[in-house]
Amino acid sequence: MRAIQQSAWGEAEPLRLLEVEAPEPTFGEVLVKVSAAGVNPVDVYTRRGQAYNRVLTLPFINGWDVAGTVVRTGYGVSRFRPGDPVFGMPWFPREAGGYAEYVAAPARHFARMPTGLSFTEAAALPLAGLTAWQMLTEVAAIAPGERVLVAGAAGGVGHLAVQIAKARGAQVIGTASAAKHDFVRALGADEVIDYTTIDVSAAVRGMDVVIQMFGGEAGLKALDCLRPGGVLVSGQAAWTPGLHERAAELGVRAVAYLVDPDGAGLDALADLVAQGRLRVCLDAVFPLAEAAKAHAHVAGGRTIGKVVLTVGEPG
């Protein structure tokens with residue numbers, strides 16, 4: 001099969017399109033013919049050697065977001081049959097090999113594709129969608145009427161978090177640069193703040209929940225937005241020294257979070273899509289052979305929604 005592979009970690013390491021051996025499904029697994037693969041910031045960090053490389057080995061095939069068609073099932077799989085269109089985020093943060101024509105993984109790391117989405121759109125949803133879903137519903141357990149601040153509301157996780165929070169009955173404030181305000185409002189945000197001109201930590205107070213995918217000083221300042229007893233769910237807590245100590249001083253909670261493969265969560269996302277309450281925005285689409293260009297685009301930090309690689313025709 002064709003796959004994008006790298007043989008070293010580093011910023012300048014080329015992503016090579018090669019012919020490699022296709023995986024085989026074992027007990028409880030499915031073999032998926034990949035039609036499209038999502039590209040996430042974590043893919044860029046991993047290529048550079050900055051994320052999860054202790055659990056990965058070289059040569060390495062990047063990518064965790066996939067959408068495609070089941071072509072074979074291992075013993076004991078009852079969730080899918082050959083021909084089923086599926087999407088998922090297998091194995092994260094272990095190697096999934098999403099930038100390839102075939103992926104083998106546990107059946108429960110996938111779900112049936114949402115009705116009405118193309119393979120390209122479905123490939124953009126799993127990692128960012130599960131991150132937003134698990135942060136909001138499992139960690140923060142948001143309830144109707146609660147106030148939620150979504151930092152980076154136009155980004156991959158952010159634009160989905162806004163919609164999920166609204167679907168759960170929350171009042172949502174999003175942060176984004178001025179050029180993205182109309183987009184964030186169209187997602188359902190009740191208010192949008194330009195973080196480039198306004199000190200969000202001073203302007204926003206009394207929030208029940210803050211969803212934060214940035215680390216460093218931005219992560220620390222986000223704590224000031226919470227009411228006493230409120231919760232910050234951070235995807236970058238490891239890069240925010242003093243976060244938990246500062247949270248304790250303020251009488252709030254800070255939770256370090258890492259997304260899990262979750263078929264039930266994917267089913268919930270698919271239901272929201274089918275109900276018309278969740279849509280995924282594609283910022284750019286590249287062919288598999290241009291994975292390096294896709295990484296450069298994501299690394300620029302100015303995307304609205306998600307970036308996707310087209311891999312092959314539906315099986």
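Starting from 1, each residue takes its place in the sequence as its number.
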**OP:** Report the C-alpha separation of Glu191 and Arg185 in whole Å, then their side-chain angles, then the decisive distance to 0.1 Å, and conclude whether the salt bridge (charged side-chain N to carboxylate O under 4.0 Å, His left out) test is met.
**Re:** CA-CA 7 Å; Glu191 183 180 351; Arg185 288 193 187 95; over 6 Å; no
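- If you take CG on Leu125 and CE on Met89, they are separated by 11.5 Å, rounding to the nearest 0.5 Å.
- A donor-acceptor pair under 3.5 Å is formed between the side chain of Thr240 and the backbone N or O of Gly216.
- Considering only residues two or more places apart in sequence or on other chains, Tyr52 meets the ring-ring contact (aromatic ring centres under 6.0 Å, His included) condition with Phe92.
- Hydrophobic cluster membership of Leu282, counting Ile, Leu, Val, Met, Phe, Trp and Tyr whose side-chain heavy atoms lie under 4.5 Å apart directly or via other members: Val285, Val308.
- His297 places no side-chain N or O within donor-acceptor distance of the main-chain N or O of Ala284, the cut-off being under 3.5 Å.
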**OP:** Before giving the answer on side-chain contact (heavy atoms from CB on, under 4.5 Å), spell out for Arg47 and Glu11 the whole-Å C-alpha distance, their side-chain angles and the decisive distance to 0.1 Å.
**Re:** CA-CA 7 Å; Arg47 189 198 81 236; Glu11 177 65 49; 3.2 Å; yes
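- In this structure a side-chain-to-backbone donor-acceptor pair under 3.5 Å is missing from Arg94 to Pro90.
- Considering only heavy atoms from C-beta on, Leu309 stays 4.5 Å or farther from Pro287 through its side chain.
- Transitive grouping of hydrophobic side chains (ILVMFWY, heavy atoms separated by less than 4.5 Å) keeps Val209 and Leu220 in distinct clusters.
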Subject >> Steps toward side-chain contact (heavy atoms from CB on, under 4.5 Å) verdict (Leu278, Leu160) >> reply: CA-CA 7 Å; Leu278 182 66; Leu160 299 171; 3.8 Å; yes
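- Of the options Asp65, Asn62, Thr46, a side chain to side chain donor-acceptor pair (under 3.5 Å) to Asn40 is made by Asp65 and by none of the others.
- Between the side chain of Gln6 and the backbone N or O of Ala8, at least one donor-acceptor pair lies under 3.5 Å.
- Just one residue in the list Leu31, Val311, Val66 forms a side-chain contact (heavy atoms from CB on, under 4.5 Å) with Val103, and that residue is Val66.
- Atom CD in Gln212 sits 9.0 Å away from atom CG in Leu243 (nearest 0.5 Å).
- For Glu121, the side chain to side chain donor-acceptor pair (under 3.5 Å) partners at least two apart in sequence or on another chain are Ser118.
- The backbone N or O of Ala143 lies less than 3.5 Å from a partner atom in the side chain of Glu146, making a donor-acceptor pair.
- In this structure, the side chains of Phe80 and Val86 come closer than 4.5 Å at one or more pairs of heavy atoms.
- Between Asp224 and Arg246 there is a salt bridge, with a side-chain nitrogen of the basic residue lying less than 4.0 Å from a carboxylate oxygen of the acidic one.
- The two residues Ile4 and Ala289 have their closest heavy-atom pair at CD1-CA, 4.5 Å.
- More than 12 heavy atoms of other residues, nucleotides or ligands sit less than 6.0 Å from atom CD of Glu249.
- Rounded to the nearest 0.5 angstrom, Gln163 CD and Cys281 SG are separated by 9.5 Å.
- Between Ser7 and Leu58, the closest side-chain pair of non-hydrogen atoms is not below 4.5 Å.
- Under the 4.5 Å side-chain criterion, counting only non-hydrogen atoms from C-beta, Tyr257 is in contact with Thr131.
- Contact record, Gly74 with Pro25: N-CB, 4.5 Å, taken as the closest heavy-atom pair.
- Between Arg277 and Asp271 no salt bridge is recorded (no basic side-chain N to carboxylate O distance below 4.0 Å).
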**OP:** Might you work through the side-chain contact (heavy atoms from CB on, under 4.5 Å) test for Val34 and Phe119, ending with a clear yes or no?
**Re:** CA-CA 9 Å; Val34 178; Phe119 283 98; over 6 Å; no
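- Between Lys221 and Asp199, at least one side-chain nitrogen of the basic residue sits less than 4.0 Å from a carboxylate oxygen of the acidic one, meeting the salt-bridge criterion.
- A donor-acceptor distance shorter than 3.5 angstrom exists from the side chain of Arg112 to the backbone of Arg79, with no hydrogens or angles considered.
- Summarising the geometry of Ala3 relative to Ala100, their closest heavy-atom pair is CB-CB, 3.6 Å, with the distance given to 0.1 Å.
- Cluster annotation: Ile211 and Leu226 are assigned to distinct hydrophobic clusters (Ile/Leu/Val/Met/Phe/Trp/Tyr, side-chain heavy-atom contacts under 4.5 Å, transitive).
- Proximity of Val30 to Arg72: side-chain heavy atoms (C-beta onward) are nowhere separated by under 4.5 Å.
- The CG atom of Leu223 sits 11.0 Å away from atom CD of Glu245, with the distance rounded to the nearest 0.5 Å.
- Placement of Ile61 and Phe110 within a single hydrophobic cluster is found when ILVMFWY residues are connected by side-chain heavy-atom separations under 4.5 Å, directly or transitively.
- Salt-bridge annotation for Asp43 and Arg48: absent, with no side-chain N of the basic residue lying under 4.0 Å from a carboxylate O of the acidic one.
- At least one side-chain heavy atom of Trp133 sits less than 4.5 Å from a side-chain heavy atom of Leu272.
- A donor-acceptor distance shorter than 3.5 angstrom exists from the side chain of Gln134 to the backbone of Asp260, with no hydrogens or angles considered.
- Atom CZ of Arg302 sits in a sparse spot, with 12 or fewer heavy atoms from other residues, nucleotides or ligands closer than 6.0 Å.
- The main-chain N or O of Gly145 is never found under 3.5 Å from a side-chain atom of Arg168 such that the two would form a donor-acceptor pair.
- The structure places CD of Glu101 at 5.5 Å from NZ of Lys33, a figure rounded to the nearest 0.5 Å.
- Of all heavy-atom pairs spanning Ala111 and Gly263, the tightest one is CB-O, 4.1 Å.
- Salt-bridge annotation for Asp283 and Lys306: absent, with no side-chain N of the basic residue lying under 4.0 Å from a carboxylate O of the acidic one.
- When each of Val184, Thr175, Val172 is paired with Val192, the side-chain contact (heavy atoms from CB on, under 4.5 Å) condition holds for Val184 and for no other.
- Contact detail for Ala122 and Ala67: the closest heavy-atom pair is CB-CB, 3.9 Å.
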Subject >> Residues Val273, Leu117; criterion side-chain contact (heavy atoms from CB on, under 4.5 Å); working and verdict >> reply: CA-CA 8 Å; Val273 171; Leu117 288 193; 3.8 Å; yes
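- For the pair Glu29 (side chain) and Thr73 (backbone), a donor-acceptor distance under 3.5 Å is absent.
- At distances below 3.5 Å, not a single donor-acceptor pair connects side-chain atoms of His109 with backbone N or O atoms of Asp262.
- Residues Trp91 and Pro261 are not in side-chain contact: their nearest non-hydrogen atoms beyond the backbone lie 4.5 Å or more apart.
- Counting only heavy atoms from C-beta outward, the side chains of Leu127 and Val42 approach each other to under 4.5 Å.
- Residue Val298 is not grouped with residue Phe214 when hydrophobic side chains (ILVMFWY) are merged at heavy-atom distances under 4.5 angstrom, including chains of intermediate members.
- Atom CG of Leu187 and atom NZ of Lys180 lie 12.0 Å apart (nearest 0.5 Å).
- Val148 and Val231 end up in the same hydrophobic cluster when Ile, Leu, Val, Met, Phe, Trp and Tyr side chains are linked at under 4.5 Å.
- By the 4.0 Å N-to-carboxylate-O rule, Asp190 lies close enough to Lys166 to be salt-bridged with it.
- Of all heavy-atom pairs between Pro93 and Trp64, the closest is O-CZ2, 3.6 Å.
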